[in-house]
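This report refers to the structure that appears directly beneath it.
The basis for the numbers below is simple: all heavy atoms, side chains too, and nothing from hydrogens, waters or symmetry mates.
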Amino acid sequence: MKIAFVGKGGSGKTTLSSLFVRHLVATGAPVLAIDADINQHLGAALGLGEAEAAALPAMGEQLPLIKNYLRGANPRIASAETMIKTTPPGEGSRLIRVREPNPVYDACARPVELDGGAVRLMVTGPFTDADLGVACYHSKTGAVELLLNHLVDGRDEYVVVDMTAGSDSFASGMFTRFDITFLVAEPTRKGVSVYRQYKEYARDFGIVLQVVGNKVQGQEDLDFLRAEVGDDLLVTVGHSDWVRAMEKGRPPRFELLEDVNRRALRKLRVAADATYEMRDWERYTRQMVHFHLKNAEAWGNERTGADLAAQVDPGYVLGESVAAPA
């Protein structure tokens, strides 16, 4: 399942995504975690030290390798230089699987040891001084979108993505790449403002959106969230001594997480697993193509000097049964 965590800055989305990753790993599930927020905090939330987190390889710095691997022998893609963040796969493209070894994981992913297992972690890489004035952070997160376009995951496999803060995910089609999106909202007007934006943008794309209320301290907070988001409110989370210790760099064993928060994480997984039966790979592929054509017309054709619409393979549908070349 592909799962996104979104929310305004400071809402707690990175903390909750890291807790969800720990929960999945503790059950033995295979997990690929991706930090797609330009403020790179997921590694630290998963227990890495500052130096370890800073040493993680940046996907944005490996774009030529990623593109060359993914295009494979696809005759519609003349070169890696003509691939953009929205380029869809077609016959001859290489696909990414959650559990497999491949050169993209070798270059961009690192295992992070957690209680009872490990997660494969990938990061976009931070926005650096060299980027100032010449690039926007979407050039970094584009590597994640391209990867998701070529990623095939099955039942009981999990891809957890900590997204950029706010509604910036709508600057591309990446918001349609997920089976479910968990929006982390505080019980404040600012906290639910991102929810309203997401709800509006996602309405026409079949996005499964569930709200996780965070920093909820009592019935008044709960009533506020219910009034603002209605049936989209899935679960709420309050104060956690375990999280406070984690944020100080001294996390206890995960099994010591408070029962109420463990139940909340189980509820997130149940909601994510339930979307498996709703998967529509034809719609998924169609949306991918839709945003590729929009980006091609808006800037891609001019940037690459190619007609990127020609990259679309009209008979191709991504799915678990698709065989990718070696």
Side-chain angles (χ1 to χ4, degrees), residues 1-29 31 33-35 37 41-42 44-47 114-117 119 156-163 165 178-188 191-192 194-195 198-199 207-248 251-276 278:
M1 311 307 296
K2 300 183 191 73
I3 301 155
F5 279 82
V6 301
K8 78 174 185 64
S11 64
K13 67 179 180 62
T14 298
T15 297
L16 282 165
S17 60
S18 72
L19 289 175
F20 189 60
V21 166
R22 289 176 185 268
H23 167 71
L24 294 172
V25 170
T27 67
V31 183
I34 303 177
D35 192 344
D37 191 340
H41 297 309
L42 185 57
L46 290 172
L114 299 172
D115 294 346
V119 59
D156 299 323
E157 296 179 327
Y158 298 89
V159 181
V160 180
V161 182
D162 182 19
M163 297 282 279
F178 302 100
D179 295 288
I180 190 167
T181 295
F182 292 129
L183 190 146
V184 182
E186 300 168 85
T188 64
V192 299
V194 175
Y195 162 78
Y198 248 89
K199 189 74 172 177
I207 305 302
V208 179
L209 180 66
Q210 296 276 262
V211 174
V212 181
N214 193 27
K215 305 177 186 177
V216 174
Q217 297 182 9
Q219 188 64 43
E220 186 176 344
D221 287 346
L222 180 59
D223 291 344
F224 174 84
L225 285 173
R226 282 177 173 162
E228 293 294 327
V229 308
D231 292 340
D232 286 339
L233 181 62
L234 176 65
V235 71
T236 62
V237 179
H239 172 79
S240 170
D241 290 334
W242 194 98
V243 169
R244 180 61 60 88
M246 178 195 74
E247 291 173 341
K248 293 177 179 177
R253 297 191 313 278
F254 186 64
E255 64 188 37
L256 298 178
L257 181 70
E258 300 87 355
D259 286 343
V260 64
N261 291 325
R262 295 172 69 86
R263 289 195 298 271
L265 294 174
R266 286 196 293 268
K267 197 164 185 178
L268 296 186
R269 183 173 184 175
V270 168
D273 288 346
T275 63
Y276 183 83
M278 301 163 54

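The heavy-atom pair separating Val243 from Leu19 by the smallest distance is CG2-CD1, 3.9 Å. Taking both residues in full, the closest heavy atoms of Val21 and Leu46 are given as CG1-CD2, 3.9 Å, listed atom of the first, atom of the second, then distance. When every heavy atom of Ala45 is checked against every heavy atom of Thr14, the shortest pair comes out as CB-CG2, 4.1 Å. The shortest non-hydrogen separation linking Ala185 to Val211 is CB-CG1, 4.1 Å. The nearest pair of heavy atoms linking Pro187 to Asp221 is CG-CG, 3.6 Å. Across every non-hydrogen atom of Val184 and Gly12, the tightest pair is CG1-C, 4.1 Å.
Among Ile3, Val161, Val6, the one residue that satisfies the side chain to side chain contact (heavy atoms under 4.5 Å, CB included) test with Phe178 is Val161.
Side chains of Asp179 and Tyr158: no donor on one and acceptor on the other come within 3.5 Å.
Within the 3.5 Å criterion, the main-chain N or O of His41 finds a donor-acceptor partner in the side chain of Asp35. Here the side chain of Thr275 pairs no donor or acceptor atom with the backbone of Met278 at under 3.5 angstrom.
Ring geometry for Phe182 versus Phe20: interplanar angle over 60°, hence perpendicular rather than tilted (30 to 60°).
Side-chain contact between Leu268 and Phe5 is present, with at least one heavy-atom pair separated by less than 4.5 Å. Two residues are said to be in side-chain contact when any heavy atoms from C-beta on lie closer than 4.5 Å; Val31 and Val160 meet this criterion. Between Ser11 and Asn214 the shortest side-chain heavy-atom distance does not fall below 4.5 Å. Met1 places none of its side-chain heavy atoms less than 4.5 Å from the side chain of Arg269.
In this structure, CG on Leu24 lies 12.5 Å from CZ on Arg22, to the nearest 0.5 angstrom. Summarising the geometry, atom CG belonging to Leu183 is positioned 11.0 Å from atom CE belonging to Met163; distances are rounded to the nearest 0.5 Å.
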Taking only distance into account, with no hydrogens and no angle test, what donor-acceptor pairs under 3.5 Å do side-chain atoms of residues 228-238 form with protein atoms, sequence neighbours excluded?
| unit_1 | atom_1 | unit_2 | atom_2 | d |
| --- | --- | --- | --- | --- |
| Glu228 | OE1 | Arg196 | NH2 | 2.3 |
| Asp232 | OD2 | Tyr195 | OH | 2.7 |
| Asp232 | OD2 | Lys199 | NZ | 2.8 |

Residues 257-265, side-chain donor-acceptor partners within the protein, below 3.5 Å, at least two apart:
| unit_1 | atom_1 | unit_2 | atom_2 | d |
| --- | --- | --- | --- | --- |
| Glu258 | OE1 | Ser240 | OG | 2.9 |
| Glu258 | OE1 | Asn261 | ND2 | 3.1 |
| Glu258 | OE2 | Ser240 | OG | 3.2 |
| Glu258 | OE2 | Asp241 | N | 2.9 |
| Glu258 | OE2 | Trp242 | N | 3.1 |
| Arg262 | NH1 | Phe254 | O | 3.1 |

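Heavy atoms from other residues, nucleotides or ligands lying under 6.0 Å from CD of Glu220 number 12 at most. Heavy-atom contacts from other residues, nucleotides or ligands closer than 6.0 Å to CD of Gln217 number 12 or fewer.
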Determine whether Tyr198 and Ile207 satisfy the following criterion, side chain to side chain contact (heavy atoms under 4.5 Å, CB included), listing intermediate values before the conclusion. CA-CA 9 Å; Tyr198 248 89; Ile207 305 302; 5.6 Å; no
For a side chain to side chain contact (heavy atoms under 4.5 Å, CB included) check, start with the C-alpha distance between Thr15 and Glu247, then their side-chain angles and the critical distance, and finish with the verdict. CA-CA 9 Å; Thr15 297; Glu247 291 173 341; 3.9 Å; yes
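A salt bridge links Lys13 to Asp162: one of the charged nitrogens lies within less than 4.0 Å of a carboxylate oxygen.
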